[in-house]
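Model, not experiment: these values are computed from the prediction. Both ligands and their constituent atoms are indexed starting at 1 by order of listing.
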Amino acid sequence: MFKNFWYAVEFSDRISETPCLVKAFNQEFAVYRTAAGKVLAMDNRCVHRGAALANGTVNDNCLTCPYHGWKFDSSGKCVDIPANPAGMSIPNRAKVSTYDVVEKYGWIWLFWGDLPIDERPPIPELPHFYNPDLKAISGDFNWSANYERIVENGLDIAHAPFVHAGAFGNPDAPEVAEYELEIQPDGAGTTVMLEPTPPGGIWRFLLGNNKKADRVKTRTAFILPNITVLEVHLSFGMLAIYTSHVPIDAQTTVSKWVSFRSFFKGGWADRDSRKRVINIFEQDRPVVESQRPQQIPFDLGAELHVQSDALPLQYRKMRLELRDRGWFMGKTQAEGKAETDRHDYALTE
Ligand code: FES
């Protein structure tokens, strides 16, 4: 996991005046909305006896612990200890850590790191979220895998014919032509023409009885540290999926996805689209959860790369730069050492 980034950790519409538990980065956060609508995030553990603040209540914009009623204001400072006699001072240490949060694109972005505000990488520009003509649906997908393997899987063009045959990969067209990388300061992507699986089911009915589907323009990209983007230009419209792969711990990830489409905007299409997104993730799951080491090695020579791996390799290079900047959090590296795979020794070099 890399510090010093804004992470989209939860959907905005799930945060209310009832505190919500958000897990990320081996930590737990109590996240809630004040009566004025501002979203706040603080450590989930009460400094008194460690009760979960996410089980508390919000009153007067303060979060009240469910155990002994200590009340914490928006800065995390305890402002009331009900058991104390009137006039007794509150210890200075009665304070929980708070975190900067921003609501944007229907996500809650939490800054995880120690950089001052003016030095932080910005929340990325995500143009599809501004387009009112697109229909959006969203959801979660839980993995028993490190988020980096999941990000990289989203950039791996060559796996589609094998893992997604029948969905969008075509087993009769596994070759990946050399592609150009579009490299940005905060990520990279590529646009390729892919030969999809010939349409079946409802799609064959809607699109005509084509035996061979048209090649589709597909953009695949990542935004550091944990967002993948898939944009598919079909003959009848555009589909784009943005996913924030939230690292819960070194072996657990929740992918928060938003899928946009310019076509078929009815409820039936929402259900169909949701089913398709989940189906794709389910097809990926057994492969991604089987990968070892669970965390991608920092040693670029530890695994083999071929021409079609140019985009995943670019992701590896850019995360290496982040590691060299000192933004990799060593705790998960230490956890990785527990694995016996030889690649884990490369991780700690
Ligand atoms: Fe929170 Fe006692 S544990 S007030």
Side-chain angles (χ1 to χ4, degrees), residues 1-104 106-117 120 140 142 144 147 226 244 246-254 256 329-332 334-335 338:
M1 301 175 206
F2 294 95
K3 65 176 183 177
N4 294 332
F5 283 100
W6 290 96
Y7 282 85
V9 293
E10 187 51 281
F11 292 110
S12 258
D13 59 9
R14 295 186 188 171
I15 304 301
S16 68
E17 289 183 55
T18 302
C20 165
L21 174 65
V22 171
K23 293 183 182 178
F25 329 117
N26 286 309
Q27 282 181 242
E28 292 184 345
F29 306 90
V31 183
Y32 65 98
R33 194 180 290 279
T34 66
K38 187 170 164 46
V39 176
L40 300 171
M42 53 183 65
D43 270 340
N44 186 40
R45 293 295 150 193
C46 179
V47 286
H48 180 215
R49 289 292 182 268
L53 292 174
N55 294 335
T57 50
V58 176
N59 316 95
D60 305 328
N61 293 338
C62 293
L63 182 50
T64 302
C65 179
Y67 199 0
H68 309 96
W70 290 24
K71 197 186 264 192
F72 299 91
D73 71 9
S74 60
S75 71
K77 187 173 175 305
C78 180
V79 292
D80 187 28
I81 297 179
N84 275 1
M88 186 172 276
S89 64
I90 294 172
N92 287 336
R93 286 179 55 218
K95 190 173 190 320
V96 290
S97 296
T98 57
Y99 299 84
D100 289 344
V101 285
V102 167
E103 265 186 296
K104 194 170 184 183
W107 270 324
I108 302 294
W109 299 76
L110 185 147
F111 184 78
W112 188 62
D114 47 23
L115 282 184
I117 288 176
R120 297 174 183 177
D140 294 356
N142 300 308
S144 295
Y147 83 100
N226 71 325
S244 172
V246 183
I248 306 301
D249 57 39
Q251 297 90 29
T252 316
T253 302
V254 178
K256 306 265 175 193
M329 296 308 284
K331 191 173 174 194
T332 52
E335 288 166 0

Legend entry - Worked check of salt bridge (Lys or Arg N to Asp or Glu O under 4.0 Å) between Asp100 and Arg120: CA-CA 12 Å; Asp100 289 344; Arg120 297 174 183 177; 2.9 Å; yes
Inset, instruction - For atom 1 (Fe) of ligand 1, check which protein N, O or S atoms are under 2.8 Å away and list them. - result: Cys46 SG, Cys65 SG
Inset, instruction - Decide, yes or no, whether a salt bridge links Asp43 with Lys95 under the criterion of side-chain N to carboxylate O below 4.0 Å. - result: no
Legend entry - Short N-O contact, Lys71 and Asp60, less than 4.0 angstrom: yes
Inset, instruction - Just jot down the ring pair (Phe, Tyr, Trp, His ring centres under 6.0 Å) partners of Tyr7, sequence neighbours excluded, or say none. - result: Phe25
Inset, instruction - Can you sort out the partners of Tyr32 under ring pair (Phe, Tyr, Trp, His ring centres under 6.0 Å), two or more places apart, ordered by chain and number? - result: none
Legend entry - ring pair (Phe, Tyr, Trp, His ring centres under 6.0 Å) involving Tyr147 - partner list, sequence neighbours excluded: none
